[in-house]
Amino acid sequence: MLDITRQTANFVAGLKLSDLSGRCREAARTGIIDCVGVMIAGAAEQPVRIVSAMVAASTQNDGAPEVPSGRNLAAPDAALVNGVAAHVLDYDDVALAGHPSTVLVPAILAEGWSLDSSGADALAAYAAGYEVWAQVIALEPGHLHERGFHPTAVMGALATAAACARLRNLDSTKTAHAIAIAASLASGLVANFGTMTKSLHAGRTAQSGVLAARLADQGFTASLDVLEHQTGFLRAHSPSGTPEIENGTIDIGRNWRLADLGINVKRYPTCYATHRSIDAMIDLVKAHKLKPDDVKEIRVHTGVTQRLMLRNTNPQTGLEAKFSMEFAMTAALIAGRVGLSELTDEFVSRPDVGATFAKVRCTTTDEIMPGDQPFAPDDRVSVVLASGEVLEHAPVVHAKGSWQRPLSARRTAG
């Protein structure tokens, strides 16, 4: 049996900023900057206000600020509130079949602030968390979404614990304890997509990482084989039932997945499973100057797991619409864009919007592309006009804003 827990902890405890390539640093910076931006944008949303109101201000000097108000909170509470804010718009970046920055950054900012950590420390902590997450999913041939688990909340718990352990300079044994503590705090369900609770997944996960590292630092213990044990994390959360515990490869610190897989910046505040199709639909709308009355049917061919995430075929609220291919195609057709202005209850409830949902037809494939996303090899969109003519877009493999097709600085800012 592989010594997964110990080896990942050894990597985290020994990681230095100088170990990171320029490409790794670029990805970490991108994740941190993007997350802070969406955190500020999401801070005024109702779910954030509710969570914030339940958290008391702190008078302790080792607290951390709520963003952007600056209200001083205990570091675990700051991670909670800021994590909800970072994820509430679903505008945060994507990698590793989840949202690493939305859990790592709030935890790193909160714990880093309380420890007076440097920017270099923050980059190293981000890399530590990302690589632990990436190593663990590399040992599982299945995909968590298929079993109903939200990877951000499940794998993110291990990642945030590792990041905070790195910030606290814990030795390898205490780091292993921190990761093992967090393994018992990992939870989040896909069934709650399209509700306030999805953003709570991120806040609680960021908070759990801070708590796990602090507990371990004080001598709190957990199982040092928690990842690989027959009753441990990998088996308990395995969609395939066959995690590679016996014959897998532990190459953390040698195979830098942060450089290879990177960070995918979102161009649209919707589930990433819609983004390739949105790119295609907006292209068709612009190229042919399409109007809703011109269109008889919109055909989308996508992946089975993507369709599983996009559970709302007839959304009634802005939150529900974030997880709807029908809405994504409708907004692209009616508004020519899919932005925050469209993801409101008012827009979603418009009669013309609801009527257009019925024009969207989705088919799926169970083929999955190589890499870290459980998506089809490509998304394909075509439009049947009222005249009967069919307009087809070329297959889209990578969305605009992805690590493979990065946005320009102007596009990122806009």
Quiz item: Can you tell if the side chain of F347 reaches within under 4.5 Å of the side chain of S341, non-hydrogen atoms only?
Solution: no
Quiz item: Which pairs count as salt bridge (charged side-chain N to carboxylate O under 4.0 Å, His left out) when at least one residue sits in residues 211-223, sequence neighbours excluded?
Solution: E111-R214, R168-D217, K174-D217
Quiz item: Could you go step by step and tell me if W113 and L109 meet the side chain to side chain contact (heavy atoms under 4.5 Å, CB included) rule?
Solution: CA-CA 6 Å; W113 185 280; L109 291 181; over 6 Å; no
Practice problem: If a pair satisfies salt bridge (charged side-chain N to carboxylate O under 4.0 Å, His left out) and one of its residues is in residues 179-192, list it, with sequence neighbours excluded. | Solution: none
Quiz item: Between the side chains of Q135 and T8, is a donor N or O closer than 3.5 angstrom to an acceptor N or O?
Solution: no
Self-check item: Flag, side chain of N72 to backbone of Q60, donor-acceptor distance under 3.5 Å
Solution: yes
Quiz item: Hey, is D260 close enough to R23 for a salt bridge, meaning N to O under 4.0 Å?
Solution: no
Practice problem: Can you see which heavy atom on F327 is nearest to which on F357, and at what distance? | Solution: CA-CE2, 3.6 Å
Quiz item: Considering only heavy atoms from C-beta outward, does the side chain of F323 approach that of T270 to under 4.5 Å?
Solution: no
Self-check item: Pair R147, S238: side-chain N/O donor-acceptor within cut-off below 3.5 Å
Solution: no
Quiz item: Run the side chain to side chain donor-acceptor pair (under 3.5 Å) check on T363 and H301 step by step: do they pass?
Solution: CA-CA 5 Å; T363 57; H301 188 65; 2.7 Å; yes
Exercise. Examine distances only and state if a side-chain atom of W403 and a backbone atom of A95 form a donor-acceptor pair shorter than 3.5 Å.
Key: no
Quiz item: Given side chains that start at C-beta, do those of E320 and T195 come closer than 4.5 Å, heavy atoms only?
Solution: no
Quiz item: Counting heavy atoms not belonging to R204, are there more than 12 under 6.0 Å from its CZ?
Solution: no
Quiz prompt | Approximate separation, where rounding is to 0.5 Å, of N169 CG and T175 OG1 | solution = 9.0 Å
Quiz prompt | Check: H229 side chain, T231 main-chain N or O, donor-acceptor pair, under 3.5 Å | solution = yes
Exercise. Take the angle between the ring planes of H201 and F193 and call it parallel below 30°, perpendicular above 60°, tilted in between.
Key: tilted
Quiz item: Heavy atoms, side chains only, cut-off 4.5 Å: are F233 and T5 in contact?
Solution: no
Quiz item: Hey, does the side chain of Y130 reach the backbone of G262 with a donor-acceptor pair shorter than 3.5 angstrom?
Solution: yes
Quiz item: Below 4.0 angstrom, N of the basic side chain to O of the carboxylate: do E326 and R311 qualify?
Solution: no
Practice problem: Ignoring hydrogens and angles, state whether a donor on the side chain of H275 or K266 is under 3.5 Å from an acceptor on the partner side chain. | Solution: no
Quiz item: Do L2 and E246 come within less than 4.5 Å of each other through their side chains, counting heavy atoms only?
Solution: no
Practice problem: Before accepting this row, confirm whether a basic side-chain N of the pair R29/E26 lies closer than 4.0 Å to the acidic partner's carboxylate O. | Solution: no
Quiz prompt | Any donor-acceptor N/O pair, T365 side chain to E367 backbone, under 3.5 Å | solution = yes
Self-check item: Pairwise side-chain contact, M196 with Q46, heavy-atom cut-off 4.5 Å (strictly under)
Solution: yes
Quiz item: Would a distance-only check, ignoring hydrogens and angles, find a side-chain to backbone donor-acceptor pair under 3.5 Å from Q316 to N314?
Solution: yes
Practice problem: Of all the heavy-atom pairs spanning A124 and L20, show the shortest one and how long it is. | Solution: CA-CD1, 4.3 Å
Self-check item: Criterion side chain to side chain contact (heavy atoms under 4.5 Å, CB included) against M281, the qualifying member of T330, V383, D379, V396
Solution: V383
Practice problem: List the steps, then state whether side chain to side chain contact (heavy atoms under 4.5 Å, CB included) holds for R267 with V265. | Solution: CA-CA 7 Å; R267 200 177 184 196; V265 174; over 6 Å; no
Self-check item: K359 bridged to E297 by N-O distance under 4.0 Å
Solution: no
Practice problem: Give the minimum heavy-atom separation between A206 and P106, together with the two atoms involved. | Solution: CB-CB, 4.0 Å
Quiz item: Is D283 salt-bridged to K400, cutoff N-O under 4.0 Å?
Solution: yes
Quiz item: side chain to side chain contact (heavy atoms under 4.5 Å, CB included) between V81 and L73: does it pass, once the steps are laid out?
Solution: CA-CA 9 Å; V81 176; L73 304 176; 4.1 Å; yes
Quiz item: Can you tell me how far OG of S382 sits from CZ of R299, rounded to the nearest 0.5 angstrom?
Solution: 5.5 Å
Quiz item: Checking R405 side chain against H398 main chain: does a donor-acceptor pair fall under 3.5 Å?
Solution: yes
Practice problem: Output the distance between atom CZ (R71) and atom CD (E66), rounded to the nearest 0.5 Å. | Solution: 4.5 Å
Self-check item: Between CG on residue L189 and CG on residue L144, distance to nearest 0.5 Å
Solution: 11.5 Å
Exercise. Measure from the ring center of Y126 to the ring center of W133 and say whether it is less than 6.0 Å.
Key: no
Self-check item: For L89, the option from L340, V38, L343, V48 that meets side chain to side chain contact (heavy atoms under 4.5 Å, CB included)
Solution: L340
Practice problem: Drop me the distance from I32's CD1 to D93's CG, to the nearest 0.5 angstrom. | Solution: 10.5 Å
Quiz item: Is there side-chain contact between H143 and S240, with heavy atoms separated by less than 4.5 Å?
Solution: no
Quiz item: How far apart are the closest heavy atoms of A202 and T102, and which atoms are they?
Solution: CB-CG2, 3.8 Å
Exercise. Indicate, with yes or no, if the rings of H177 and F220 have centres closer together than 6.0 Å.
Key: no
Self-check item: Nearest atoms (heavy-atom pairs only) where L104 meets G129
Solution: CD2-CA, 3.9 Å
Quiz item: Any donor-acceptor pair under 3.5 Å linking the side chain of N255 with the backbone of D251?
Solution: no
Quiz item: Which of these passes side chain to side chain contact (heavy atoms under 4.5 Å, CB included) with L227: L139, I4, V132?
Solution: I4
Quiz prompt | Check: C35 main-chain N/O paired with D92 side-chain donor or acceptor under 3.5 Å | solution = no
Quiz item: Hey, does R235 have a side-chain heavy atom less than 4.5 Å from the side chain of I245?
Solution: yes
Practice problem: Taking all heavy atoms of L319 and all of V88, pick out the closest pair and write down the distance. | Solution: CD2-O, 4.3 Å
Exercise. Dump the intermediate steps for side chain to side chain contact (heavy atoms under 4.5 Å, CB included) on T249 and E244, then the final yes or no.
Key: CA-CA 8 Å; T249 300; E244 297 176 357; over 6 Å; no
Quiz item: Rounded to the nearest 0.5 Å, how far does OG1 of T205 lie from CG of L200?
Solution: 8.5 Å
Self-check item: Any donor-acceptor pair under 3.5 Å from S324 side chain to N312 backbone
Solution: yes
Exercise. Could you go through the side chain to side chain donor-acceptor pair (under 3.5 Å) check for T173 and R6 one step at a time?
Key: CA-CA 8 Å; T173 298; R6 281 286 197 179; 3.1 Å; yes
